[in-house]
S.K.: 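Below you'll find the structure I mean.
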Amino acid sequence: METARQPVLKFENVSLRFEEQPVLDSISFEVWPGQSRILLGSAGSGKTVLLKVALGLVKPDSGSVSVFGQDLRKLGERELFDLRSRIGMVFQEGGLFDSLTIEENVAYPLVNQRVLHCPPEEVRPKVEESLSFVELEHTLDKFPSELSGGMRRRVGIARAVVTEPPLVLYDSPTAGLDPITSYTIMALILKQRDLKRTTSMIVTHRYQDGHMMANYIYNPRTGQAEPAGSNGNRAFQSTVFMVLREGRLVFEGTQDELESVRDPYVAKFVKQSEH
Amino acid sequence: MFDLLKPPILATQEFYGLAFRAIRNVFRSPHYVDDIVLQMDTIGVGSLPIVILTGFFSGAVMGLQMSRALQTYGAVGQTGQIVAITLVRELGPVLTAVVVAGRNSSGMASELGSMKVTEQIDAMRALGTDPVQKLVTPRMIATCIVLPLLTIIADFVGIFGGFLIAYFLLNLTPAQYWNNVYQSLEYNDITQGLVKPFVFAFIISLVGCFYGMRTTGGTQGVGRATTQAVVVASVWIFVATFFITRIFVSL
């Protein structure tokens with residue numbers, strides 16, 4: 001059990017500048033297996049960049065990033081590709097390839113990730129399974145441009161989880177969506193967490209998303225997200241909140257701790273949701 | 001002073017980095033043959049009408065313009081030679097390349113640029129493919145294959161355009177014109193005429209992809225990248241043709 005003893009994702013004093021502008025300022029944290037990390041921050045606080053650093057898409061100027069115990073600095077581009085096959089990433093606007101159909105989009109990691117060795121005849125069933133997970137199994141032959149914004153993000157989720165990665169990163173999965181669609185997306189993220197036991201890291205500017213992660217669980221019998229505690233369900237304990245401000249990590253802790261913080265910037269995120 | 005020089009030097013370094021990786025990938029798997037064929041169709045077959053038109057009219061214009069100068073020396077019979085040499089050595093390769101640059105460098109820059117700003121390039125890397133391998137190398141290979149072919153077509157159509165002028169307006173016989181064309185072309189001309197499009201192909205594809213891959217700033221950025229790609233590619237084509245000609249003239 002190598003994964004149980006070590007963090008899935010570990011940042012140590014990671015700093016990054018874009019043209020003299022600090023984007024990440026000595027960020028350190030650890031994500032343990034089974035945890036859900038909610039990363040809150042306003043626009044431009046470095047949330048998206050942090051996820052890209054975790055994936056090895058952007059190299060930090062200093063500090064070290066380890067994923068599944070492997071130091072990203074020591075890996076070549078090819079080894080990085082192999083490592084990325086164990087991380088699912090949901091991009092902000094879905095990041096779907098608009099020249100490919102939905103089926104080809106979801107199949108893309110299966111076909112292209114060499115370490116997975118997915119036999120061609122297993123691709124289609126896996127794609128169908130993943131699309132039915134996000135309830136979009138009827139869109140196989142459509143192109144991304146024919147889908148609504150919410151549907152594109154659901155396809156993005158299907159594509160990220162089709163390889164059943166142990167770690168999934170979500171970049172603002174609910175940004176720019178109406179409350180009902182946002183709820184659907186969050187319910188899917190809960191479903192992925194509770195059914196597949198994935199470790200997840202969710203970047204968002206909405207406190208409600210974190211609240212839902214911490215207090216709701218997916219009920220496989222009804223197929224709905226339900227408040228934890230009802231029907232004898234236990235609350236989901238391992239949700240950790242982090243707040244990022246101008247590249248610095250200004251808070252890390254549980255929901256209760258977050259709600260009792262006096263710092264005005266941090267408190268603003270909590271207040272958002274109270275009306 | 002040094003701060004002013006920094007961006008262009010960095011850009012040059014990035015460009016050579018991209019060029020190096022694109023060329024290295026030619027010898028590394030995986031090879032995306034489907035993408036190469038698709039790009040050959042877009043660049044080659046797609047550019048065919050415009051290349052034929054440009055070639056034909058530049059040949060015809062050469063015929064018209066040169067006949068006037070040749071008349072002064074009573075050498076209208078040499079029209080075929082002038083048209084053939086200028087087209088094969090210079091106008092065919094350069095005009096074809098500039099037209100293809102206008103059509104395809106811009107196309108590549110805008111396609112890759114939109115992919116960049118909508119995070120599709122990042123998604124590609126996240127999902128296990130090297131975007132240079134998947135996007136840049138196939139475009140480069142495809143351009144290197146089709147541009148010399150397009151140039152040959154443009155050369156021929158241009159010489160044919162010159163023939164129509166010679167036959168109908170200058171009253172030369174077909175034998176006179178074609179014989180003159182055939183006699184005047186040497187291997188040096190042909191080699192030069194085929195080396196040039198091969199070099200231009202790298203310029204067109206790599207410049208287009210380079211500006212596409214470094215696009216930032218949303219839709220506006222895509223527009224900017226497209227314009228820059230065409231301008232830079234066209235200028236470099238003219239610079240490159242000067243140096244290649246210089247080498248061949250001294251051979």
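In the text below, chain A, chain B and the rest are named by the order of the sequence lines, each starting its count at 1.
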S.K.: Nearest 0.5 angstrom please: B:Leu194 CG to B:Thr151 OG1, how far?
M.R.: 7.5 Å

S.K.: Taking only distance into account, so ignoring hydrogens and angles, what donor-acceptor contacts under 3.5 Å exist between chain B and chain A?
M.R.:
residue: B:Ser29; atom: O; partner: A:Arg78; partner atom: NH2; Å: 3.3
residue: B:Glu119; atom: OE1; partner: A:Gln92; partner atom: N; Å: 3.3
residue: B:Glu119; atom: OE2; partner: A:Lys52; partner atom: NZ; Å: 3.2
residue: B:Gln120; atom: OE1; partner: A:Asp98; partner atom: N; Å: 3.3
residue: B:Gln120; atom: NE2; partner: A:Asp98; partner atom: OD1; Å: 3.3
residue: B:Gln120; atom: NE2; partner: A:Asp98; partner atom: OD2; Å: 3.0
residue: B:Asp122; atom: OD2; partner: A:Lys52; partner atom: NZ; Å: 2.8
residue: B:Arg125; atom: O; partner: A:Arg84; partner atom: NH1; Å: 3.1
residue: B:Arg125; atom: NH1; partner: A:Leu57; partner atom: O; Å: 3.2
residue: B:Arg125; atom: NH2; partner: A:Leu57; partner atom: O; Å: 3.3
residue: B:Ala126; atom: O; partner: A:Gln113; partner atom: NE2; Å: 3.4
residue: B:Leu127; atom: O; partner: A:Gln113; partner atom: NE2; Å: 3.4
residue: B:Thr129; atom: OG1; partner: A:Tyr108; partner atom: OH; Å: 2.8

S.K.: Non-hydrogen atoms of chain B under 4.5 Å away: do they reach the side chain of A:Leu57, the backbone, both or neither?
M.R.: both

S.K.: Indicate yes or no for a side-chain donor-acceptor contact from B:Ser105 to the backbone of B:Ile204 under 3.5 Å, with no hydrogens or angles considered.
M.R.: yes

S.K.: Is there side-chain contact between A:Val168 and A:Ile87, with at least one heavy-atom pair below 4.5 Å?
M.R.: no

S.K.: Looking at side-chain heavy atoms only, is the closest gap between A:Val123 and A:Cys118 below 4.5 Å?
M.R.: yes

S.K.: Using the six-membered ring wherever Trp is involved, compare the ring planes of B:Phe202 and B:Phe198 and label them parallel, tilted or perpendicular (cut-offs 30° and 60°).
M.R.: perpendicular

S.K.: Would you check if the side chain of B:Ser205 reaches a backbone N or O of B:Ala201 as a donor-acceptor pair within less than 3.5 Å?
M.R.: yes

S.K.: Using non-hydrogen atoms and a 4.5 Å limit, figure out which bit of A:Leu96 sits close to chain B: side chain, backbone, both or neither.
M.R.: backbone

S.K.: With heavy-atom distances below 4.5 Å as the criterion, would you say the side chains of A:Val53 and A:Phe11 are in contact?
M.R.: yes

S.K.: Mind ranking A:Ala160, A:Pro109, A:Gly156 by heavy-atom pairs under 4.5 Å with chain B and telling me who comes out on top?
M.R.: A:Pro109

